[in-house]
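Written out below as structure tokens is the structure these notes cover.
Residues take their numbers from the sequence shown, with the count starting at 1. Remember, predicted model here, so these are calculated numbers, not experimental data. Counting convention: from 1, in listed order, for ligands and their atoms alike.
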Amino acid sequence: MRYGYFADEQCEYVITTPNTPLPWINYLGCEDYFGIISNTAGGYSFYKDARLRRLTRYRYNNAPLDSGGRYIYLRDDDASTPQFWSPSWQPTRTPLEEYQCRHGLGYTTIQSTHAGVKASTRYFIPLGANLEIWQLSLTNQRPEAVNLSIFATVEFCLWDAMDDATNFQRNYSVGEVEVVDGVIYHKTEYRERRDHFAFFACSEKFTGFDTDREAFLGPYRGWDSPSGVEKGALSNSIAHGWQPIGAGHVRLSLQAGEHRSIIFLLGYHENPVNEKFDPPGSQTINKRTVLPIIQRFLQPAAVSSAYDDLQAHWNGLLKKQQVHTPDIHTDRMVNIWNISQLMAAFNFSRSASYFESGIGRGMGFRDSNQDLLGFVHLMPQHARSRILDLAATQLPSGGAYHQYQPLTKRGNNEVGSGFNDDPLWLVLAVAAYIQETGKWDILDEPVPYDNAPGTEESLYNHLQRSIQYTLDRIGPHGLPLIGRADWNDCLNLNCFSSSPGQSFQTTTNKDGKVAESVFIAGLFILAARSMVQIAGRRSGEQQAQIYRQAISQIEKTVWEAGWDGTWFRRAYDDFGEPVGSHTCTEGQIFIEPQGICIMAGLGIEDGKARQALDSVAERLATPHGIMLHQPGYSRYYLNLGEISTYPPGYKENGSVFCHTNPWIMISEAMLGNGAGAHDYYLRINPSRREEISEVHRCEPYVYAQMIAGREAPMFGEAKNSWLTGTSVWNYVAITQWILGIRPEFEGLRLDPCIPPEWDGFSVERSFRGCRLHIKVHNPQHVSRGVVEVKVDGAKIEGNLVKVDGSEEHQVEVWLGK
Ligand code: GLC
Ligand code: GLC
């Protein structure tokens with residue numbers, strides 16, 4: 001069952017019922033000011049940091065789930081009994097004659113018709129401004145004139161979203177606003193250390209307003225029936241403490257067929273510290289700095305050109321790589337939606353979604369490094385800055401803070417470090433950056449440790465310490481020690497927690513000298529292979545040789561201690577017993593080491609990789625994707641940690657943890673199985689799953705972190721959509737390994753591994769300043785095997801295209817036997 005459809009030409013997903021199984025959301029904003037918006041206008045906004053600079057309040061886990069947002073109410077002032085409704089359906093949930101939510105790139109438009117009034121609101125955040133625009137268009141479809149009241153509302157958050165949701169003894173007394181010339185200013189804590197405030201403004205004059213929530217809603221009423229809307233008049237209340245809101249009332253008469261547009265602005269503004277107040281010495285906000293911005297964006301012409309600029313920005317991003325294959329689900333995801341999701345992951349890491357509260361995690365070291373792998377071609381300069389920010393939170397040991405706060409860019413002490421895979425992802429991110437851009441100079445950037453001035457070393461030294469970090473932490477079998485956890489945050493082999501509520505990630509009751517990770521061994525080899533090339537170029541053959549030796553050593557150990565006979569083991573626990581072995585009663589085989597070890601090149605020559613992938617196909621693959629491990633843990637294991645806290649089939653306990661599926665796609669492609677790789681790709685591809693939306697339940701346009709596994713009663717149900725490494729890894733798997741357009745240090749490798757029935761495909765791609773038009777022909781219907789490559793009509797040796805400069809090139813590739 002579907003709840004909407006893809007409008008590919010417009011790069012939109014069109015939702016045709018407000019009553020989706022879960023809120024289906026979109027992200028607004030590209031730079032510093034961001035918003036989340038659901039298909040019923042739910043969501044919230046923030047400046048830079050979803051926790052520390054929250055503009056609007058959102059109550060999590062509410063009933064209904066999605067309550068609170070950018071709500072507009074319409075009221076028929078001619079009706080004898082009060083009639084009002086929400087054109088976005090929520091919060092009044094009045095039945096609408098027509099409803100449509102169009103989620104596009106950087107904007108969302110919600111359109112509906114009720115009682116002969118058509119309303120369409122486009123929400124977006126312009127480039128270069130810290131505000132959001134709600135562009136409301138109203139059309140009177142009645143045969144006679146109508147008198148309408150329009151109420152637009154926001155509930156302000158008192159900036160720190162965590163404090164806002166918990167510290168009521170203080171917060172009920174600190175709220176402050178000003179209302180001047182029809183603009184509502186939210187200025188809580190501006191009197192003391194904050195130099196910022198929020199504003200809510202309208203292109204029409206407000207007939208009335210409210211800034212005190214209880215005055216607007218009325219006692220014992222909710223947002224679904226505000227008494228101010230019911231009465232058709234607001235009380236011009238000024239909030240003193242309690243809950244400051246912005247509610248503005250506009251009256252409008254529309255002739256039959258008449259159409260009108262109204263602009264609402266919600267924004268964030270910072271004043272210079274010494275110009276905060278006007279007049280100086282008063283407690284009144286200096287508005288001289290913000291008024292020109294407000295005035296500008298209340299002009300329809302400025303709004304439409306801001307919208308055009310935003311579209312041009314997105315089109316520029318999409319253009320970086322466009323593919324044309326025989327499969328619509330591939331094209332749609334690669335060309336549109338996967339890009340949108342990559343941008344969200346880049347901007348928010350795992351902080352702010354409908355599953356991530358924005359008050360928990362900041363930017364993850366592991367996560368954000370991985371997010372760059374398929375992102376760098378979109379915004380190489382941004383990727384570079386991100387790499388430098390991440391590297392600056394690295395510790396002198398080579399380890400890293402697991403997370404940092406985006407506002408301060410400082411490592412988060414509460415979570416600390418000790419996730420032993422973390423530093424290796426930095427190596428992969430830097431390698432991806434150089435492979436895409438050819439800019440080796442990033443290695444010379446001076447970067448501090450733990451953000452401490454004076455500790456700067458070259459980024460190259462940081463990478464060396466990353467590699468050394470693993471080598472300094474080798475366990476009894478010669479495998480890397482796992483620390484608090486590796487990629488699998490829930491495989492906590494040193495935790496041994498028996499107290500409810502303890503964090504599995506930060507509690508360690510063991511000294512960490514026994515439990516080892518085969519996954520880190522594979523990741524180490526993968527990263528160190530890049531280091532061989534980086535070191536060879538940067539410090540010469542001798543250093544490269546050192547890394548080669550380290551690789552052989554770890555590789556040897558993997559075969560000795562990490563191979564279980566028909567698949568790779570996962571780890572060794574604190575008792576020195578294997579995890580992910582046929583000798584275990586539960587959790588016999590895990591997906592992660594199969595993927596990462598094969599990606600690192602292990603077992604490809606001697607058939608062991610094939611064996612491991614066959615075991616995956618046999619034991620882990622389902623029609624809904626590949627499960628993390630099998631059998632799921634049926635009880636809590638003190639020695640394994642959080643993984644065994646989830647009921648089997650959910651999350652890290654054997655769900656289809658989508659993040660890892662592309663590793664198997666890549667491995668299959670490395671072994672030449674194009675049909676298998678693409679089949680796995682389609683199993684979790686959200687567009688492909690659109691037709692089972694009633695089962696999948698999350699948005700059909702973005703990947704979810706997990707799909708419930710076979711052992712779960714809700715097998716096939718997705719959760720944790722949007723912010724997941726699934727997004728980047730699927731993009732890498734399909735573009736670089738299945739379509740095979742893969743940046744390497746020396747150029748662009750063209751090595752497709754596709755379903756043999758495909759006749760071919762084409763790709764337009766920017767690469768190191770050039771524009772490539774790549775056409776792949778598959779006349780003999782093979783999966784893999786490049787027999788000829790021509791660049792601008794001239795045959796080249798091999799399949800590595802070396803270009804730079806600014807030209808356009810025609811590239812033709814023939815596959816064959
Ligand atoms: C979450 C985390 C990620 C981790 C994964 C597996 O997605 O963000 O860092 O690797 O879970 O536990
Ligand atoms: C939980 C989740 C995991 C996530 C971690 C972050 O353990 O299961 O996916 O990575 O929290 O702290």
- What are the two closest heavy atoms between Leu723 and Ser349, and how far apart are they?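 Of all heavy-atom pairs spanning Leu723 and Ser349, the closest is CB-O, 3.3 Å.
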Return a table of N or O atom pairs, ligand 1 on one side and protein on the other, at distances under 3.5 Å, rounded to 0.1 Å.
{"unit_1": "ligand 1", "atom_1": "7 (O)", "unit_2": "Gln705", "atom_2": "NE2", "d": "3.0"}
{"unit_1": "ligand 1", "atom_1": "8 (O)", "unit_2": "Arg361", "atom_2": "NH1", "d": "2.9"}
{"unit_1": "ligand 1", "atom_1": "8 (O)", "unit_2": "Asp367", "atom_2": "OD1", "d": "3.3"}
{"unit_1": "ligand 1", "atom_1": "8 (O)", "unit_2": "Asp367", "atom_2": "OD2", "d": "3.1"}
{"unit_1": "ligand 1", "atom_1": "9 (O)", "unit_2": "Arg366", "atom_2": "NH1", "d": "2.9"}
{"unit_1": "ligand 1", "atom_1": "9 (O)", "unit_2": "Asp367", "atom_2": "OD1", "d": "2.6"}
{"unit_1": "ligand 1", "atom_1": "9 (O)", "unit_2": "Asp367", "atom_2": "OD2", "d": "3.4"}
{"unit_1": "ligand 1", "atom_1": "10 (O)", "unit_2": "Arg366", "atom_2": "NH1", "d": "3.4"}
{"unit_1": "ligand 1", "atom_1": "10 (O)", "unit_2": "Trp487", "atom_2": "O", "d": "2.5"}
{"unit_1": "ligand 1", "atom_1": "10 (O)", "unit_2": "Trp487", "atom_2": "NE1", "d": "3.0"}
{"unit_1": "ligand 1", "atom_1": "11 (O)", "unit_2": "Glu652", "atom_2": "OE2", "d": "3.4"}
{"unit_1": "ligand 1", "atom_1": "12 (O)", "unit_2": "Trp487", "atom_2": "O", "d": "3.4"}
{"unit_1": "ligand 1", "atom_1": "12 (O)", "unit_2": "Asp489", "atom_2": "N", "d": "2.9"}
{"unit_1": "ligand 1", "atom_1": "12 (O)", "unit_2": "Glu652", "atom_2": "OE2", "d": "2.5"}

- Message: Gln405: which residues meet the side chain to side chain donor-acceptor pair (under 3.5 Å) condition with it, sequence neighbours left out?
- Response: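 With sequence neighbours excluded, Gln405 shows a side chain to side chain donor-acceptor pair (under 3.5 Å) to Asp49, given in chain and number order.
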- Message: Just verifying a value: how many Å separate Ile467 CD1 and Ser530 OG, rounded to the nearest 0.5 Å?
- Response: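 Ile467 CD1 to Ser530 OG: 8.5 Å, rounded to 0.5 Å.
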- Message: Do the side chains of Glu356 and Arg350 get close enough for a salt bridge, i.e. N-O under 4.0 angstrom?
- Response: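 Here Glu356 does not pair with Arg350 in a salt bridge, since their nearest N and O are not under 4.0 Å apart.
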- Task: Kindly write out the residues that satisfy side chain to side chain contact (heavy atoms under 4.5 Å, CB included) with Arg386, not counting sequence neighbours, or none if the list is empty.
- Result: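 Counting only residues at least two positions away or on another chain, Arg386 forms a side chain to side chain contact (heavy atoms under 4.5 Å, CB included) with Phe346, Met363, Ser368, Leu372, Leu390, Tyr404.
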- Query: Considering residues at least two apart in sequence or located in another chain, which fulfil the side chain to side chain contact (heavy atoms under 4.5 Å, CB included) criterion with Ser357?
  - Reply: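 Partners of Ser357 under the side chain to side chain contact (heavy atoms under 4.5 Å, CB included) test: Tyr60, Ile359.
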- Check Tyr646 against ligand 2 and report side chain, backbone, both or neither, counting heavy atoms closer than 4.0 Å.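 Side chain only.
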